[in-house]
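Every chain is numbered from 1 and lettered A, B, ... according to where its sequence line falls, protein lines coming before strand lines.
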Protein chains: 2
Amino acid sequence: MSNVFKAISDNTRREILRLLREEPLSAGEISKHFPVSKPTMSAHFSVLREAGLVATHKQGKMVIYQINMSVLEDALLGFSGAIGLGLRSNTQNKGNKNAKS
Amino acid sequence: MSNVFKAISDNTRREILRLLREEPLSAGEISKHFPVSKPTMSAHFSVLREAGLVATHKQGKMVIYQINMSVLEDALLGFSGAIGLGLRSNTQNKGNKNAKS
DNA sequence: ACAACATTTAGATGATTAGCTAATTGTCTA
DNA sequence: TAGACAATTAGCTAATCATCTAAATGTTGT
């Protein structure tokens, strides 16, 4: 819960999530988009994974990262609600949480 | 923009915003709700103010803090959009950004 | 089994952060 | 103007964080 907000407080991690919105990507593919070392990227992946914002599976020697929309949605909606900012989920996305657009 | 996410990454600051959702409050009144020192609270206020999430005005010897919904809404909606999570603002709140409910 | 590749772990460093106490600034009101 | 009250600034500390290089782990193909 609180970890979600910590996770998205870093711009690199928000950008990782933005990339993952398009499609699942391997650690290496994601890393190509950022001017930081692989180990640093790996640490960012850990933070995202521990917050539940991404899930992984192995595919050969690669680790594929996939965004978990519902965790993000729950956190944002929960906070938005607690604070009286009436954000609503787009019903178009219901049951299609990884929709491209 | 990025400062908004840093600001709401801390639980105490999210709680401050939650309190402010009800009504504008003085620094002292807000501080009563938290088990930390006044100077620490003052530092939290600074972070929120610099992120544009709260506005202040003086009233006698007190400093009144008021939440700025639109900054929060813009950040959350912007991020939600960039990431393909289709959150929408509650149209009921349009032009009434500090509505209680 | 070995070499090449993908990723993570280990270990270190400098920067930022949340917290504290003490001191300062500003604003009444008696 | 002196005292009381509200809030912030100054200065410190311990913890967390983002980053790096080097080393380790795991996987595939020859």
Given 3.5 Å as the limit, does a donor-acceptor pair link the side chain of [X] with the main chain of [Y], or not?
X        : Y        : result
Arg88(B) : Arg88(A) : no
Arg13(A) : Ala7(A)  : yes
Arg18(A) : Ile83(B) : no
Ser26(A) : Ile64(A) : no
Arg14(A) : Ile8(A)  : yes

Quick test: give all pairs of protein nitrogen or oxygen and nucleotides 3-6 of chain C nitrogen or oxygen below 3.5 Å, distance rounded to 0.1 Å.
none

Practice task
Apply the test ring-ring contact (aromatic ring centres under 6.0 Å, His included) to residues Phe5(B) and Phe5(A): give CA-CA distance (whole Å), side-chain angles for both, the deciding distance (0.1 Å), then the verdict.
Solution key: CA-CA 7 Å; Phe5(B) 291 100; Phe5(A) 291 100; 8.9 Å; no
Whole-Å distance separating the [atom1] atom of [X] from the [atom2] atom of [N]:
X        : N       : atom1 : atom2 : result
Glu50(A) : dT8(C)  : CD    : C1'   : 13 Å
Phe45(A) : dT8(C)  : CZ    : C1'   : 11 Å
Asp10(B) : dT16(C) : CG    : C1'   : 13 Å

Problem - Outermost nucleotides of DNA chain D that come under 4.0 Å of a non-hydrogen atom of chain A - result: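 Both ends considered, the range comes out as dA18(D) to dT28(D).
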Let me check something: any side-chain donor-acceptor pairs from residues 33-43 of chain A under 3.5 Å, sequence neighbours excluded? List them with distances.
{"from": "His33(A)", "atom 1": "ND1", "to": "Glu29(A)", "atom 2": "O", "distance (Å)": "3.0"}
{"from": "Ser37(A)", "atom 1": "OG", "to": "Thr40(A)", "atom 2": "N", "distance (Å)": "3.3"}
{"from": "Ser37(A)", "atom 1": "OG", "to": "Thr40(A)", "atom 2": "OG1", "distance (Å)": "3.0"}

Practice task
On DNA chain C, check which nucleotide each of Lys6(A) and Ser46(A) is closest to and give me the residue with the more 5' one.
Solution key: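 Result: Ser46(A).
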Handout entry: Sugar-phosphate, base or nothing in reach of Phe34(A), heavy atoms under 4.0 Å
Key =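 The residue Phe34(A) makes no contact with any strand.
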Practice task
Could you please spell out the steps behind the side-chain contact (heavy atoms from CB on, under 4.5 Å) verdict for Leu76(A) and Leu87(A)?
Solution key: CA-CA 8 Å; Leu76(A) 260 35; Leu87(A) 298 191; 5.9 Å; no
Handout entry: Gly60(A) vs Thr40(A), nearer the 5' end of DNA chain D by closest nucleotide
Key =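 Between the two, 5'-proximity favours Thr40(A).
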